[in-house]
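Below is one structure, written out as C-alpha cells; the observations come after it.
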Amino acid sequence: GIGAGLALTLLTFLRQSTMTPPVGSKSDGAQTMSRTLRPVWELEVLRRVGSRIVILYLQGPLFFGSGQALATSISQTVEENSAVQFCVLSFAKVSSIDYSAVKQLKSVMEKTRRRSCTLIFCRMNDGVYTALCAADIIKSPDKDLRMLHETREEPCICDESTPSDAQQQGNLEEQCGVGIAPPKSMSLRRVNSFKPLGSGAYDAFDHDTDALD
C-alpha cells in the first residue's frame, strides 16, 4: 500500500545518499582566489600562507550516516596537516542537514578547536544556515550573510493550540526514522545571540572565497 511505497522510497533515498561521499573535493588557500582585488604583494603573501587554509566542498543531504563520514573527513584533514589553522566548509551543494549531522558537526568543531584549527561555514541555504545557528555552531556571521538571511526571514506567528517546533520535529523523526533540520522560525530566536559586528573574527560567510579576506 501507500505505507510500503513510502518506506521503499525512504530506503532508496537513504541508500543513494550514503553512496555519495559528503566531501566532493578540496583545495587550499593558495589555489583559491578571493573575489577581492588585491595588489601583487598581497597575493604573494596569500600564496605563501595558503597552506594554513583548507577548503572542503560538501555535497548532498547531510544526515546520521553522511554526518559521521563528514566529521571523520574533517578530523583526518586537520590531523594530516598540522599547519592547517582554518578549515572552510562550503555548503553550496548541500540540500539539507538533520539534527544528528548537526551534532556530529558540533562535536568535530570542538575537536578541531583543540588542535588550534577553526571551522568556517559558507554558501548555506536557509535551512542549513538556520540549523547551524540554532545549534550555536555559527555565532558570528559577517554583515553580508546576516543581511542576506534576515531579508529572507518571515514573521513567526505562534499558536498555543498547535504543537511546538520541538514536538513536531520529534514526531517526524519518530515516523521517518531520521532527523530533520530545525524549523525556519528557530532563526528568529537565535539572531540576538550573534556576536556584535566587529567584535571578533567571523565564522560564517556568504561565499567561501570571502573567508580568505
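Heavy atoms only: backbone and side chains are in, while hydrogens, waters and symmetry mates are out.
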- Message: Walk me through whether Tyr57 and Ser27 qualify under side chain to side chain contact (heavy atoms under 4.5 Å, CB included).
- Response: CA-CA 8 Å; Tyr57 299 93; Ser27 66; 3.5 Å; yes

- Step by step, would you call Asp126 with His149 a side chain to side chain contact (heavy atoms under 4.5 Å, CB included)? CA-CA 7 Å; Asp126 286 342; His149 287 279; 2.8 Å; yes

- Task: Would you sort out whether Ile120 and Leu89 count as a side chain to side chain contact (heavy atoms under 4.5 Å, CB included), showing the intermediate values?
- Result: CA-CA 6 Å; Ile120 297 177; Leu89 304 179; over 6 Å; no

- Task: Start with the C-alpha distance between Leu145 and Phe205, add both sets of side-chain angles, then the distance that settles side chain to side chain contact (heavy atoms under 4.5 Å, CB included), and finish with yes or no.
- Result: CA-CA 6 Å; Leu145 186 60; Phe205 298 86; 5.5 Å; no

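Ile97 and Ala131 make their closest contact through CG2-CB, 3.8 Å (heavy atoms, listed as atom of the first residue, atom of the second, distance). Smallest separation of non-hydrogen atoms from Phe194 and Cys133: CZ-SG, 3.6 Å. Closest approach of Pro22 and Ser66 over heavy atoms only: CG-O, 3.7 Å. Closest of all the heavy-atom pairs between Gln104 and Gly67 is CB-O, 3.8 Å. Listed here is the closest heavy atom pair of Asp206 and Asp142: N-OD1, 4.3 Å. In plain terms, the two heavy atoms of Ala204 and Met124 that are nearest each other are CB-CE, 4.2 Å.
Without hydrogens or angle criteria, Gln59 side chain to Pro21 main chain gives a donor-acceptor distance under 3.5 Å. The closest donor-acceptor contact from the side chain of Asn125 to the backbone of Ser95 lies under 3.5 Å. Looking at Lys111, its side chain never comes within 3.5 Å of a backbone N or O of Ser75 through a donor-acceptor pair. A distance-only check finds a donor-acceptor pair linking the side chain of Arg146 to the backbone of Pro141 [under 3.5 Å].
Proximity of Thr77 to Leu56: side-chain heavy atoms (C-beta onward) are separated by under 4.5 Å at one or more points.
Interatomic distance, NZ of Lys106 versus CE of Met109, reported as 6.5 Å (0.5 Å rounding). From Tyr129, atom OH reaches atom SG of Cys122 across 12.0 Å, with rounding to the nearest 0.5 Å. Atom CG of residue Asp28 and atom SG of residue Cys87 lie 12.0 Å apart, to the nearest 0.5 angstrom. Put simply, CD1 on Ile137 and CG on Leu105 are 4.5 Å apart, with the number rounded to the nearest 0.5 Å.
Of the candidates Asp203, Val128, Leu119, Ile138 forms a side-chain contact (heavy atoms from CB on, under 4.5 Å) with just one, namely Asp203.
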